[in-house]
Number of protein chains: 2
Amino acid sequence: MSRPEVKRMTQQRRIILEELGKVTSHPTADEVYGMVRVHLPSISLGTVYRDLEAMSGSGLIQKLETCGRQKRFDGNPAPHHHVRCLACGRVGDLQTDTELYIKADFDDPGGYKVTGYRMEYTGLCPDCRRDPLAI
Amino acid sequence: MSRPEVKRMTQQRRIILEELGKVTSHPTADEVYGMVRVHLPSISLGTVYRDLEAMSGSGLIQKLETCGRQKRFDGNPAPHHHVRCLACGRVGDLQTDTELYIKADFDDPGGYKVTGYRMEYTGLCPDCRRDPLAI
DNA sequence: CTCTCAATAGTAATGATTACTGTTACTATT
DNA sequence: AATAGTAACAGTAATCATTACTATTGAGAG
Ligand SMILES: [Mn+2]
Ligand SMILES: [Mn+2]
Ligand SMILES: [Zn+2]
Ligand SMILES: [Zn+2]
């Protein structure tokens, strides 16, 4: 439960940040690895993981813990909502005007202190809409 | 993306169901394995995984895909909300009266068809409230 | 420019889950 | 009751994402 932070802006971090800024696709660590390797062929996958973790800890990017197997990352650090495609796992941005007035910060009779919530919309991405395979 | 279902109520499934009904703790597959082994020492962990998957597919139990590393299981198939402790990962039931009127089933300009949402409250469990270690 | 230690590449290890494989045991039918 | 068909089983190997380790490099403060 530690929070690594960015102390030095290395080549690796600068390029990861740059590449993440170019897309709106919320890539996985592995996908970021592929994008960055084009410009820095010797980068290690471990570095990508470590840097993504550190930069999200510092608020430069977002780590999306969508309820899939893999974590996804977002170059846009501003808070906003996301939809996850139930068929292929892709994640998209969602600008919903529906205000979420969810009563967080309350005591539950069960004894839990509720301080927040995590919300994720689900649905179908453009591609899977027209070809709805087994979901 | 297949959905295995229960066609035969075996010893293994009956006992898993029984043990899951005794607790309100939302155990992981591994914890269920421990509970069931007391009554059925020769059961295999793979069987526990398969049966939990099959019985949640059939609606006999719930699979909670809380955004932690491990899946958790709930003997209560009725829909209700959950809190996850940010310190230890434990999951509790939450009876919140706050009605969630979230506009699902709409089209996003991004092209996604939004059909639902997944919601999870976060906070601190009774134990971690009084001893707030590094979160 | 020099020094320090944060960060790196490369690789091994971990941990949860899933797949495989030969065997067992429900269930329906002769 | 014996037979057949096949769902489910135990045991084990494999997968996959992620994290840890270790010797080496380089960012950036002074
Ligand atoms: Mn986003
Ligand atoms: Mn529950
Ligand atoms: Zn899709
Ligand atoms: Zn706790």
Side-chain angles (χ1 to χ4, degrees), chain A residues 1-19 26-58 60-61 63-73 84 88-91 134, chain B residues 1-17 26-58 60-61 63-73 84 88-91 134:
Chain A
M1 302 268 186
S2 62
R3 272 219 171 180
E5 289 198 16
V6 167
K7 306 221 164 134
R8 293 179 187 173
M9 182 49 60
T10 61
Q11 283 285 308
Q12 290 83 341
R13 287 177 180 169
R14 201 171 40 68
I15 292 175
I16 289 171
L17 206 50
E18 244 171 62
E19 291 303 302
H26 311 91
T28 62
D30 206 66
E31 287 166 349
V32 173
Y33 182 47
M35 290 154 63
V36 169
R37 256 204 301 190
V38 175
H39 302 92
L40 208 63
S42 66
I43 196 172
S44 151
L45 178 58
T47 297
V48 173
Y49 270 102
R50 190 176 348 90
D51 287 354
L52 288 169
E53 193 65 30
M55 292 195 291
S56 64
S58 295
L60 291 169
I61 62 172
K63 174 168 63 173
L64 306 182
E65 302 203 35
T66 56
C67 299
R69 319 181 35 78
Q70 303 172 72
K71 291 168 188 168
R72 290 179 172 272
F73 296 88
R84 180 168 50 91
C88 71
R90 232 174 295 196
V91 172
Chain B
M1 304 270 185
S2 63
R3 275 218 170 179
E5 288 199 16
V6 167
K7 306 223 165 132
R8 291 179 188 172
M9 182 50 60
T10 61
Q11 282 285 308
Q12 289 84 341
R13 289 176 178 168
R14 201 171 40 67
I15 291 175
I16 289 172
L17 207 50
H26 311 91
T28 62
D30 206 67
E31 287 165 350
V32 173
Y33 180 48
M35 291 154 63
V36 170
R37 259 205 298 190
V38 175
H39 303 92
L40 208 63
S42 65
I43 196 171
S44 153
L45 178 57
T47 298
V48 173
Y49 270 103
R50 191 180 344 93
D51 287 353
L52 287 170
E53 192 66 30
M55 290 195 291
S56 63
S58 295
L60 291 168
I61 62 174
K63 175 169 61 172
L64 306 183
E65 303 202 36
T66 56
C67 299
R69 320 183 33 79
Q70 301 172 74
K71 291 167 188 170
R72 290 178 171 275
F73 297 87
R84 179 167 52 91
C88 72
R90 232 173 296 195
V91 171

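So that the names make sense, note that chain A is the first sequence line, chain B the second, and so on, each numbered from 1. Everything numeric in this text was worked out from a predicted model, so none of it was measured.
A:S42 comes within contact range of the sugar-phosphate backbone alone, with a heavy-atom separation under 4.0 Å but no base atom that close.
The side chain of A:L45 has D:dT18 as its nearest neighbour among D:dT18, D:dA10, D:dA8. Residue A:T47 has its side chain nearest to C:dA9 when only C:dA6, C:dA9, D:dC9 are considered. Among the nucleotides C:dT8, D:dA8, C:dT17, the one closest to any side-chain atom of B:K71 is C:dT17. Comparing C:dA9, C:dT8, C:dT17 against the side chain of A:R13 picks out C:dT8 as the nearest. Here the side chain of B:Y49 is nearest to one of D:dA17, D:dC9, C:dT17, namely C:dT17. Of the candidates C:dA9, D:dA10, D:dA7, the closest approach to any side-chain atom of B:R50 belongs to D:dA10. Taking every side-chain heavy atom of B:Q70 into account, C:dA16 is the closest of C:dA16, D:dA17, D:dG11.
For D:dA7, neither phosphate oxygen OP1 nor OP2 lies less than 4.0 angstrom from any side-chain nitrogen or oxygen of B:T10.
Atom CD1 of B:I43 is separated from atom C1' of C:dT24 by 15 Å (rounded to the nearest Å). For the pair A:I16 CD1 and C:dA9 C1', the computed distance is 13 Å after rounding to whole Å. One can place CZ of A:R14 at 15 Å from P of D:dG26, the figure rounded to the nearest angstrom. Between B:L40 atom CG and D:dA8 atom C1' the separation is 13 Å, expressed in whole Å. A straight line from CG of A:D51 to C1' of D:dT19 spans 14 Å, rounded to a whole angstrom. When the P atom of D:dG26 is taken as reference, atom CD1 of A:I15 falls 14 Å away, rounded to whole Å. Put simply, CG on A:L52 is 15 Å from C1' on C:dT8, counting in whole angstrom units. Between A:R37 atom CZ and C:dA9 atom P the separation is 12 Å, expressed in whole Å.
Here A:E65 does not pair with A:K71 in a salt bridge; the nearest charged N to carboxylate O distance is not below 4.0 Å.
Of the two residues contacting DNA chain D, namely A:D30 and B:Q11, the nearest-nucleotide position lying further toward the 5' end is that of B:Q11. Looking at which nucleotide of DNA chain C each of A:Q12 and A:G46 is closest to, the 5′-most match is held by A:Q12. Nearest-nucleotide assignment on DNA chain D puts the 5′-proximal partner with B:R8, out of B:R69 and B:R8.
B:M55 is listed as a side-chain neighbour of B:L17, based on a closest heavy-atom distance under 4.5 Å. Residues B:Y33 and B:I43 form a side-chain contact, since some pair of their non-hydrogen atoms from C-beta on lies under 4.5 Å apart. The closest side-chain heavy-atom distance from A:R50 to A:E53 is not below 4.5 Å. Within the 4.5 Å cutoff, no side-chain heavy atoms of B:R72 are placed close to those of B:K63.
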Taking it one step at a time, do A:V32 and A:E19 satisfy side-chain contact (heavy atoms from CB on, under 4.5 Å)?
CA-CA 8 Å; A:V32 173; A:E19 291 303 302; 5.9 Å; no
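Using N1 to N3 plus N6-O4 or O6-N4 for Watson-Crick, or N1-O2 and O6-N3 for G-U wobble, each under 3.5 Å, D:dG11 pairs with C:dC20. Nucleotide C:dT30 forms a pair with D:dA1, judged by Watson-Crick or G-U wobble geometry with both contacts under 3.5 Å.
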